[in-house]
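Single-structure report; data block below.
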Amino acid sequence: INNAYKALYVWDAANSNYITINNTSGATYVAPGQAFFVYSIDEGSTVNFTEAMQTHQTGNIFKSVEIENPSIKLIAERAQGTSTTNIKYLNNMSTGLDPGYDAGRFSAGDNSFAVYTHLVGDDNNLIDFDIQCLPANEYDHIIPLGLNAPENSEVIFRAETINLPTDVPVYLEDRVLGKFIALHAPGSFYAVTITEKAEGIGRFFLYTKS
């Protein structure tokens, strides 16, 4: 499997997009008959599913346990739907590529509206990441944030944090308008109109430092 895409990509019918599942996702169960994608390096690769991978579950088979590690979920909203990207702080992670933990965005989905990040510690890696993992207790970062959006779109940014230290702020920088917006306070958001079609990084950055 491609090192930047060591994940499962499962269709989420409610949001018409793919959910990215990897080592950061906790216990997740895929029902019999539920399709998913993996990113194979070569054509003709073999994937083995063993009996040890099977388990019997009752109730909501797609329910996942809550992840207690510090994390930030950045949410981009518009009238037609939402897109999210996740930053997670775990032990033994780096600011570069951590296979099985950093997960690239699934390009076969509808990416006309999408929010994602690029790796903090590798400027040469141009992959759009759905999940980026950073070292535990290391919060002094500027994270490149990518946005795809059609022209004349009103986009609202919000942030949800889990177990982030209270002294770690979360700011969004809009370099086109020269603004810094605090997103760590409850109920805070940033609304902006994208006048021209947006694609890629360079305008928005996420700060976890003063």
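- The two atoms that bring Ile131 and Tyr101 nearest to each other are CG2-O, 3.4 Å, heavy atoms only.
- With contacts defined as side-chain heavy-atom distances shorter than 4.5 Å, the pair Tyr171/Ile181 does not qualify.
- Across His118 and Ile143, no two heavy atoms sit closer than the pair O-CG2, 4.3 Å.
- Leu206 and Leu126 are members of different hydrophobic clusters when ILVMFWY side chains are connected at heavy-atom separations under 4.5 Å.
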Below 3.5 Å, can you tabulate the donor-acceptor pairs from side chains in residues 36-47 to any protein atom, sequence neighbours excluded?
| from | atom 1 | to | atom 2 | distance (Å) |
| --- | --- | --- | --- | --- |
| Ser40 | OG | Asp42 | N | 3.4 |
| Ser40 | OG | Asp42 | O | 2.7 |
| Ser40 | OG | Ser45 | OG | 3.0 |
| Ser45 | OG | Asp42 | O | 2.7 |

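- With Arg105 as the partner, the side chain to side chain donor-acceptor pair (under 3.5 Å) test is satisfied by one option alone out of Asp128, Thr117, Thr85, Asp130: Asp130.
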- prompt: Going through the distances and angles, do Val115 and Leu74 end up as a side-chain contact (heavy atoms from CB on, under 4.5 Å)?
  reply: CA-CA 8 Å; Val115 64; Leu74 187 75; 4.1 Å; yes
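- Pairs passing the side chain to side chain donor-acceptor pair (under 3.5 Å) check and including a residue from residues 174-185, sequence neighbours excluded, read Glu173-Arg175, Asp174-Tyr190, Asp174-Arg203.
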Would you tabulate the side-chain donor-acceptor contacts of residues 146-156 under 3.5 Å, counting partners in other chains and residues two or more places apart, or write 'none'?
| from | atom 1 | to | atom 2 | distance (Å) |
| --- | --- | --- | --- | --- |
| Asn148 | OD1 | Tyr116 | OH | 2.7 |
| Asn148 | OD1 | Gly200 | N | 3.3 |
| Asn148 | ND2 | Asn111 | O | 3.0 |
| Ser153 | OG | Pro150 | O | 2.6 |

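- A donor-acceptor pair under 3.5 Å is formed between the side chain of Asp102 and the backbone N or O of Cys133.
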query: Does the pair Thr24 and Lys88 meet the rule for a side-chain hydrogen bond (donor to acceptor under 3.5 Å, both in side chains), with working shown?
result: CA-CA 8 Å; Thr24 71; Lys88 303 186 180 187; 3.1 Å; yes
- request: Test side-chain contact (heavy atoms from CB on, under 4.5 Å) on Tyr29 and Thr55 and set out the steps.
  value: CA-CA 8 Å; Tyr29 305 100; Thr55 182; 3.5 Å; yes
- request: Check the pair Leu90 / Asn92 against side-chain contact (heavy atoms from CB on, under 4.5 Å), numbers first and verdict last.
  value: CA-CA 7 Å; Leu90 304 173; Asn92 304 316; over 6 Å; no
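- Side-chain atoms of Gln132 never come within 3.5 Å of backbone atoms of Asn86 as a donor-acceptor pair (strictly under, hydrogens ignored).
- Residues forming a side chain to side chain contact (heavy atoms under 4.5 Å, CB included) with Thr161 (at least two apart in sequence, or on another chain): Ile72, Leu164, Val170.
- Counting only heavy atoms from C-beta outward, the side chains of Asn22 and Leu8 never approach each other to under 4.5 Å.
- Judged by distance alone, the side chain of Ser94 and the main-chain N or O of Gly96 form a donor-acceptor pair under 3.5 Å.
- By the salt bridge (Lys or Arg N to Asp or Glu O under 4.0 Å) test, Asp98 pairs with no residue at all, sequence neighbours left out.
- Looking at heavy atoms from C-beta onward, Ile127 lies in side-chain contact with Tyr5 at the 4.5 angstrom threshold.
- Within the structure, ring pair (Phe, Tyr, Trp, His ring centres under 6.0 Å) contacts touching residues 123-142 (residues at least two apart or in different chains) are Tyr89-Tyr139.
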